[in-house]
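Take a look at the structure below.
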Amino acid sequence: MQDDQQDSPQLPAIDQGHANDESLIRTHARIRRTPVAASPVTFFTSLALIVVFVFAWFYVRRYVGDMDSQGVLSSREELAAMQAYINRPKEDPGPVVVDGAALYAQQCVACHQATGQGLAGAFPPLVGSEWVTGDPNLPIKVLLSGLSGEIVVKGNTYNGAMPAFGSVWNDAEIAAVVNYIRTSWGNEASEVAPEEVAAIRADTGSRSPWTAAELSEYFE
Amino acid sequence: MRFICNLCSSLFPSLEGGGSQRERELGIDASTRFATLGTIKASVFWLLVASLLGLISSIKLHSPSYLAEFSCLSYGKVYPAFWNVLVYGWLFNAGLACVCWISARLAGRPIGNSYLLTIAGGAWNFAVIVGLVGILVGDQRPFRLLEFPSYAAPLLFVSFLGMGIWILLAFKARAYRSTFVSQWYVLAAVFSFVWIYMIAQVMIFLVPAQGVFQSVVASWFFGNLSGLVIAPLAFATLYYLIPKTLGQHIVGYRQSGIAFWTWLAASSCSGLAALVNGPFPAWVASVGVIASFALFLPVSIFGMQFVSSLLSSFSKIWDSLSARFVAYSVVAFLVASLLIVFGSLRGPQETLQFTQFENGLRFLFLAGFGGMAFMGGSYFILPRLLNKELPSSGLIDVQFWIQGLGIFVIAASLISAGSAHGALLNGSEVDTVQALASVQPYFFIATLGFVFFLSGSLMYAVSFFWMLLSSRSEKEKSAELLKSAPELEYTPS
Amino acid sequence: MNRGPFIFLGVFVIVSLSWALTLVKPISEGGQLRPVGSGDARVPTVMTGGAALGRETYQELGCVVCHTQQVRFAAGNDIARGWGDRQTLPLDYIDQSPVFTGAFRIGPDLTNVGARRDDAAWHLLHFYNPQIASPGSNMPAYPQLFEKRPIVGEGSSRALDLPEGFAVQEGYEVVPTRKAEALAAYMLSLKIQYDIEEAPSPEKLSLK
């Protein structure tokens, strides 16, 4: 800056301009029209063009891939590793846990009530009932095929029709409901496995509802 | 009725009587004087506001308790206010003032409808004021350079349409069949801004894209705003000023077409490079990286054209106040563009992503390249509009060095801060508080840079208003202050 | 190049191609995601009303200027820092408009800040004066989110428990405004507690 000041102590307060507009347009239009032999400018332009194209070529192959708009990974190794993870052998999902309480709430509460007390004179209770907490075959058979006619529960006689759930629920679901009623509201009976239900289902096949008499063997 | 007549007369201009070259120029300048001067006034005002906001935000970066009692000046508001005022306030006004005047001059005849330019310019600045207030009261939106609240954006868009239409009319009314490269860039900037601003507003706010895709649109817009709007305005100014101030034709002018189209094509995707590794489709960011790298081609052409032209008349650069701004702008452009090219590759981004590197680089590109070009342009234009001499070439000389030093210091310190911070932030598990504390010295230096920058802006404002308000000397009252410029010399080799 | 329409057409084609390739294509292919599951198992988790209110304060104060909300897997060490345990995916953001992915990290990433700092009182103290909760931080204080008022009777149960050195004068208490409460609720809601099968994480990609 100091040197400049010394070289030209008086900077012009006005730039008079070194080209008028008309000649500026005319001259440059002429340069564009005049074909010239290859100059350093064209050489470097071509060089830059090649550099850009080579880069773009490799970069597209390396990173753009198949333009998957769902994917956020770009490097090939990571994409492959992620793919390997997605395709990993999935472990056995394990036994499906069926919620017996939910099934009871859907199908059973209307008659037996949420408390398991039933309705006096109409629907028998499940709490403390020998039909529920006794031999596990009993509730399974009743659930699978239903029960009709007179039965005696806790000394009271009921006459109604318990519908069959064998075609509604699978073995696991029947087992879950049986386990729910056998272990709720103070009932403390043993649990049953879906396999037991399957065995009984195969044994009884499809049949009309049980009567109390047919099941009396379990009360010996 | 008068509007329709004016419209017709600018669409189908009649060739005015001969007169001398200088008389024609006087007529052209007179036709744009009011509008251009108004826009330059606004740009000076916004430059001061931006410098002040920049200084405040820079101080707050290292001393968070500074001005803490003003809740509207917290860093989260000052920072977007600074960038928006810098771009929409200063650079747009200064750039449009330059290119409107250049368009009229290159059209070769007086352009009517200057009231269109005046009204649109006024509306634009009103929209910027509304937007600035909106940010400070807390109506900002969370995307870079789209922070202006929803009530400012439509006015900004419509007022730009007004200015754009005027520029199209000026192009349409030109007396020469041939065009100059400046005119291409002016048209490109006008078309691009209308298109990208509309896309951004619609896809982010009116019919919002889903989730992260709003950020994709915002990055696209941010890259395009600097690459397809500000940069073309600055190119138009540089291409015009180099022959005008140096009497030197653009070396390698034949390559301008390739540079023009490749610059537009590459810039139109380059902003997406900022998305690498984020929760965005990876290939979109990769396209951004490729586009940023492809900038290398036009940048090398621009570099050869500008640098060769400047070197061919190197001794004359220091004889003209405008030319030194042009030289600074060219150097800033080359440095910033090469940093954009290499800084957007995935390797460097692993360190530099999310740091102040981006801010330093953007500041160098916008203020160093765009801003300095427009300042050089305004020093060239003002004597012609006002028929006055520049008041104090010594002051402007000092302003150039101070402003240039300020931009350099800000850019250099933020870029170094970004590299150092990024190494700690992205390459180690140092606590974020400690990582930031270790780059604190760079932020102090950036504040120093903003002090320089603000001083330069003040000097610019002083010399501008001094010139505007001083009474004319005897010499300045005559029409002979400016001589007719000579023919541009060119001898085909 | 001497005709305006030619330049207009060229610019129009370039910008439109860029728009179609890099915006329309990915948005039409990847930007139409639907939430998975419903109720408590919904992915992404539904934001509560208080947190949604805090989101507006977050935008208003410009928090996005210094804080990102994106966890990167392939670069940086976001996961080692405990900012998340996997890469975030577009699906994590589908409920957010405007989205706060951010572009600068002057402060830490906030994608999972609710999991790291699960105490609303900590956040309130931090907003009131960051020097209390994280000394040396460059974050500005936001006292305008709080009300300083004389203690009446027992005092408010919501008043800040200010430590020694930051306490206000005798007989006064500092109570958070609704904005501060909402912002704290938003901070607590910022946590990703579900996994997405396709989201890269160090456990899934043992190579990293």
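Quick note on labels: first sequence line is chain A, next is B, and so on, each numbered from 1. Atoms considered below: every heavy atom in the structure, side chains included; atoms not considered: hydrogens, waters and symmetry mates.
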Does any backbone or side-chain atom of [X] lie under 4.5 Å from a heavy atom of chain C? Answer side chain, backbone, both or neither.
X: B/Arg144; result: side chain
X: B/Val216; result: both
X: B/Gln353; result: side chain
X: B/Val287; result: side chain
X: B/Pro208; result: side chain
X: B/Ile199; result: side chain

Checking [X] against chain B: side chain, backbone, both or neither under 4.5 Å from a heavy atom?
X: C/Thr68; value: side chain
X: C/Cys66; value: side chain
X: C/Val11; value: both
X: C/Phe100; value: side chain
X: C/Glu56; value: neither
X: C/Leu91; value: neither
X: C/Leu145; value: neither
X: C/Gln96; value: backbone
X: C/Val64; value: side chain
X: C/Ile94; value: both
X: C/Phe12; value: both
X: C/Leu17; value: neither

I'd like to check [X] versus [Y] (side-chain heavy atoms, cut-off strictly below 4.5 Å). Are they in contact?
X: B/His421; Y: C/Ile106; value: no
X: C/Gln70; Y: B/Val212; value: no
X: B/Leu168; Y: C/Phe8; value: no
X: C/Arg105; Y: B/Thr432; value: no
X: B/Trp195; Y: C/Ser16; value: yes
X: C/Trp19; Y: B/Trp220; value: yes

Which atom names give the shortest non-hydrogen contact between B/Gln440 and C/Asn138, and what distance separates them?
->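 Shortest heavy-atom separation between B/Gln440 and C/Asn138 comes out as OE1-ND2, 3.4 Å.
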Can you name the nearest heavy-atom pair linking C/Ser18 to B/Cys269, along with the distance?
-> OG-SG, 3.5 Å
Has C/Arg178 got more than 12 heavy atoms of other residues, nucleotides or ligands less than 6.0 Å from its CZ?
->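 Count not over threshold, so no.
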